[in-house]
Amino acid sequence: EDQVTQSPEALRLQEGESSSLNCSYTVSGLRGLFWYRQDPGKGPEFLFTLYSAGEEKEKERLKATLTKKESFLHITAPKPEDSATYLCAVQAGGSQGNLIFGKGTKLSVKP
Amino acid sequence: DTEVTQTPKHLVMGMTNKKSLKCEQHMGHRAMYWYKQKAKKPPELMFVYSYEKLSINESVPSRFSPECPNSSLLNLHLHALQPEDSALYLCASRPLGTTTGELFFGEGSRLTVL
């Protein structure tokens with residue numbers, strides 16, 4: 001069964017304190033792994049797509065990496081505005097493009 | 001224009017009411033989705049439309065009725081809902097026939113069933 005597990009469930013950081021979020025997955029025929037940011041009461045906002053092991057993508061303070069079993073979202077010197085829930089999702093082969101979401105990591109960055 | 005627009009943003013309805021949620025996108029995407037999201041949970045897939053035809057129904061109760069009148073518009077008709085149907089309903093779209101897989105989400109419609 002295709003599955004996505006994110007850890008930790010919640011993460012509290014001080015402003016400037018770098019850390020990483022983890023997304024481990026088991027899926028038959030990975031077509032893509034996606035990171036989204038979701039603010040309370042809003043729809044998910046697309047951040048990155050990763051397609052193959054070894055791939056990396058960066059955007060401002062965020063960097064996403066991918067291995068054959070997991071992905072990391074590294075946050076460097078976070079600011080309070082980075083506070084949000086970060087969702088990881090995978091697209092499996094034969095899934096008609098549908099995404100399987102993890103439960104998310106709620107990030108809080110204190111000034 | 002890279003937006004998915006959902007209306008209304010908030011909806012309160014009784015269990016005997018009939019209401020509809022609306023979703024619109026003008027990005028030329030030919031796949032459109034309805035997701036349901038409860039508090040502190042990930043989005044759960046409800047329906048998928050491909051080229052205006054229903055391609056996936058994730059065993060959703062018949063009190064939820066989707067409709068795709070054209071390639072830009074997606075509706076979700078609601079009737080005889082239960083309080084446990086209260087949730088954030090998200091619409092999303094993506095292009096077909098490309099390698100890109102990311103979904104573009106709207107801001108959601110917050111539904112409360114009394």
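Not measured: the values here are computed from a predicted model. Order of the sequence lines sets the chain letters (A, B, ...), proteins ahead of strands, with each chain counted from 1.
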Separation between CG of A/Asp39 and CD of B/Glu107, rounded to the nearest 0.5 Å: 9.5 Å

Cluster check A/Leu66, A/Leu62: I/L/V/M/F/W/Y, side chain < 4.5 angstrom: yes

Atom pair CD (B/Glu102) and CZ (A/Phe34), whose distance is rounded to the nearest 0.5 Å: 6.0 Å

Salt bridge (Lys or Arg N to Asp or Glu O under 4.0 Å) partners of A/Glu55, counting only residues at least two apart: A/Lys57

hydrophobic_cluster_shared for A/Leu21 and A/Leu47, side chain cutoff 4.5 Å: yes

Those residues of residues 3-16 of chain A, ordered by number, that approach chain B below 4.5 Å (heavy atom to heavy atom): none

hydrophobic_cluster_shared for A/Tyr25 and A/Ile100, side chain cutoff 4.5 Å: yes

Connected via hydrophobic side-chain network under 4.5 Å: B/Met32 and B/Phe104: no

Euclidean distance, A/Gln91 CD relative to B/Leu103 CG, rounded to 0.5 Å: 8.0 Å

Closest approach of B/Leu90 to A/Gln38 (non-hydrogen atoms, all atoms of both residues): CD1-NE2, 4.4 Å

Verify same cluster id: B/Tyr35, B/Leu88 (apolar side-chain graph, 4.5 Å): yes

Ring geometry between B/Phe105 and A/Tyr36 (parallel below 30°, tilted from 30 to 60°, perpendicular above 60°): perpendicular

Residues of residues 101-111 of chain A near chain B, each having a heavy atom less than 4.5 Å away: A/Phe101, A/Gly102, A/Lys103

Side-chain donor-acceptor distances from residues 17-24 of chain B under 3.5 Å, at least two apart:
residue : atom : partner : partner atom : Å
B/Asn17 : OD1  : B/Gly14 : N            : 2.7
B/Ser20 : OG   : B/His77 : ND1          : 2.6
B/Glu24 : OE2  : B/His26 : NE2          : 3.2

Separation between CG of A/Leu87 and CD of B/Gln37, rounded to the nearest 0.5 Å: 7.0 Å

